[in-house]
Amino acid sequence: MMLIAQNHLQLILEVGIMLFILLVFVLNLIPLSLSVVTFLSLFIAGGFTLLFGADIALLIISSSQAEFTHPFGPIALMGAVTALASLKVMKKSGVDVRPLRRFVILFILGITVFGGLMHRSFLLLWILGLFLGYLIISKTFREKSIFTLKRILIFLGVAVAGFLGLEVISRLSGMTIFSPMLRLSRIEQYSLSSVKMVLNNIQLIGHNGNASYWGAEGTAFAEGYITLPMQLVLFFGLPFPMFFGVLVNQKDTVDYMLPGIMGYGFDFGYIGLIGLVVFVLGTIIIGLKILAMYREKREKNSKKYLGKEVLLIGALSAFCSQALIGLFVFNRTINGTALLTFIFLGCLILANTITLKSRT
């Protein structure tokens, strides 16, 4: 009975442990050569390009969408950065990567356009992730940074132009869902009152029960403001409080319009927030140290860890970007199905710390 989760936090921790164990076996038992990882990264990048494209097409045609960018955007980012890192390794080995590079650039452009049209928060995550990816790749392969002041200014100019373009498309099409200004106005509408509510009611563990949507019937801790996918909770038949339908509008003040540090702090208290920060910083530090070990082995002409190295670069870039956007911009980026993605990326990084040895 102790293994059956009693609240949302326990379920999150148990799913994290199971994912970690699974990924340890995957990394150790499946031969992840450079060619295999490259193929998988191209498949992921191409697949999500088509998926995001289909999603935006449905939005335009029928005004309905599945919003794949929130939960799966970081996975698409991992695939794209992993593919870029793979091309770098192959190029250094003397392989002509120009044909593959065209495909990767095409996928990146497609995801940028389709994902950016769907959600501005994804566009922030995507651009930040590509920036971090290029930075990690240049450091890993001991190359001079490609980021000069001129290129950074051009990059910022393109980003501003992209957001202005979305606003123009929104005005011309009459589809306010494309409008960045609408998102900013919603943040302004909810944020001040939400921040005040959270700060006045957050406690060491959980929050003031009177501030909960559930009121006196709530538990004042792990009440579902931060949760794994609802479908997962329902699949296991767990009797946890969850928000459905119109209740999501009430949940918005904690879930969507606030940075993750507010949402996690409110639902789990200061201790839960500290635990999240320790997990994020610890995962990034451990990942960078392992990446340095893989680089050292590669520079000694060992090709055993090439696949794991480029995969780790992609996972680190996606995890860092998702953590930064989720913690400091939008809680939704590390909540719900996106939280499951976040845990997966973190466990994928940490799974590199364990090597299973065969007795034979």
Side-chain angles (χ1 to χ4, degrees), residues 33-61 65-138 140-141 143 146-147 151-152 154-166 168-169 178 306-307 310-311 313-318 321-322 341 345:
S33 64
L34 180 63
S35 58
V36 170
V37 173
T38 303
F39 171 78
L40 289 176
S41 65
L42 291 172
F43 178 80
I44 290 173
F48 279 113
T49 302
L50 295 176
L51 191 64
F52 293 171
D55 201 21
I56 199 68
L58 286 175
L59 175 63
I60 295 173
I61 295 173
Q65 74 280 354
E67 299 190 6
F68 293 116
T69 51
H70 277 308
F72 302 119
I75 302 296
L77 178 59
M78 180 187 72
V81 175
T82 299
L84 290 172
S86 298
L87 295 181
K88 180 67 66 175
V89 174
M90 289 189 288
K91 184 177 180 180
K92 283 186 171 293
S93 300
V95 178
D96 184 7
V97 298
R98 285 177 295 180
L100 285 178
R101 187 174 181 82
R102 294 190 188 99
F103 278 107
V104 174
I105 293 175
L106 181 63
F107 294 152
I108 289 176
L109 290 175
I111 293 175
T112 302
V113 173
F114 299 143
L117 284 172
M118 184 59 67
H119 285 114
R120 269 53 64 200
S121 59
F122 166 78
L123 192 58
L124 289 174
L125 180 144
W126 179 253
I127 293 174
L128 177 61
L130 290 177
F131 177 84
L132 292 173
Y134 271 109
L135 187 62
I136 294 174
I137 289 172
S138 64
T140 299
F141 294 95
E143 295 182 340
I146 65 171
F147 296 107
R151 287 177 177 176
I152 291 175
I154 293 175
F155 174 81
L156 292 176
V158 171
V160 171
F163 279 92
L164 291 176
L166 285 173
V168 171
I169 291 174
F178 292 143
L306 288 179
V310 297
L311 181 60
I313 291 173
L316 263 173
S317 302
S321 182
Q322 189 178 9
T341 297
L345 290 172

### Task
Grab the two heavy atoms, one from T49 and one from F107, that are nearest each other, plus how far apart they are.
OG1-O, 3.4 Å
#### Entry: Shortest non-hydrogen contact between K91 and V97, atoms and distance
N-CG1, 3.9 Å
### Query
Which atoms form the tightest heavy-atom contact between P74 and A318, and what is the distance?
O-CB, 3.3 Å
### Result of checking L109, I56, D55 against F114 for side chain to side chain contact (heavy atoms under 4.5 Å, CB included)
I56
### Query
Nearest heavy-atom pair of L125 and Q322: which atoms, and what distance?
CD1-CA, 3.7 Å
### Query
How long is the gap from CG on L130 to CG on L84, to the nearest 0.5 Å?
7.5 Å
#### Entry: Closest non-hydrogen atom pair between G79 and A45, with its separation
C-CB, 4.5 Å
### Task
Spell out, as yes or no, whether a donor-acceptor pair under 3.5 Å connects the side chain of T341 to the backbone of P71.
yes
### Task
Check whether any side-chain heavy atom of L345 sits under 4.5 Å from a side-chain heavy atom of I75, and report yes or no.
yes
### Minimum-distance pair of heavy atoms, taken over all atoms of A80 and V104
O-CG1, 4.5 Å
### Summary
So CG of L132 and CD1 of I127: to nearest 0.5 Å the spacing works out to 12.0 Å
## Note on the structure
Residue pairs passing the salt bridge (charged side-chain N to carboxylate O under 4.0 Å, His left out) test with at least one member in residues 97-111, sequence neighbours excluded, are D96-R98
### Query
Within a strict 4.5 Å, meaning less than it, do heavy atoms of the F103 and L87 side chains meet?
no
### Task
For F141, look at atom CZ and say whether over 12 heavy atoms of other residues, nucleotides or ligands are found less than 6.0 Å away.
yes
### Query
Hey, are the side chains of I313 and T82 touching, using non-hydrogen atoms and a 4.5 Å cut-off?
no
### Query
Can you check whether G129's main-chain N or O pairs, donor with acceptor, with S317's side chain at less than 3.5 Å?
no
### Query
Who pairs with T38 by side-chain hydrogen bond (donor to acceptor under 3.5 Å, both in side chains), at least two apart in sequence or on another chain?
S86
### Pair F52 + F72: ring centers closer than 6.0 Å
no
## Note on the structure
Residues passing the side chain to side chain contact (heavy atoms under 4.5 Å, CB included) test with S33, sequence neighbours excluded, are S35, V36
### Any donor-acceptor pair under 3.5 Å from T140 side chain to I136 backbone
yes
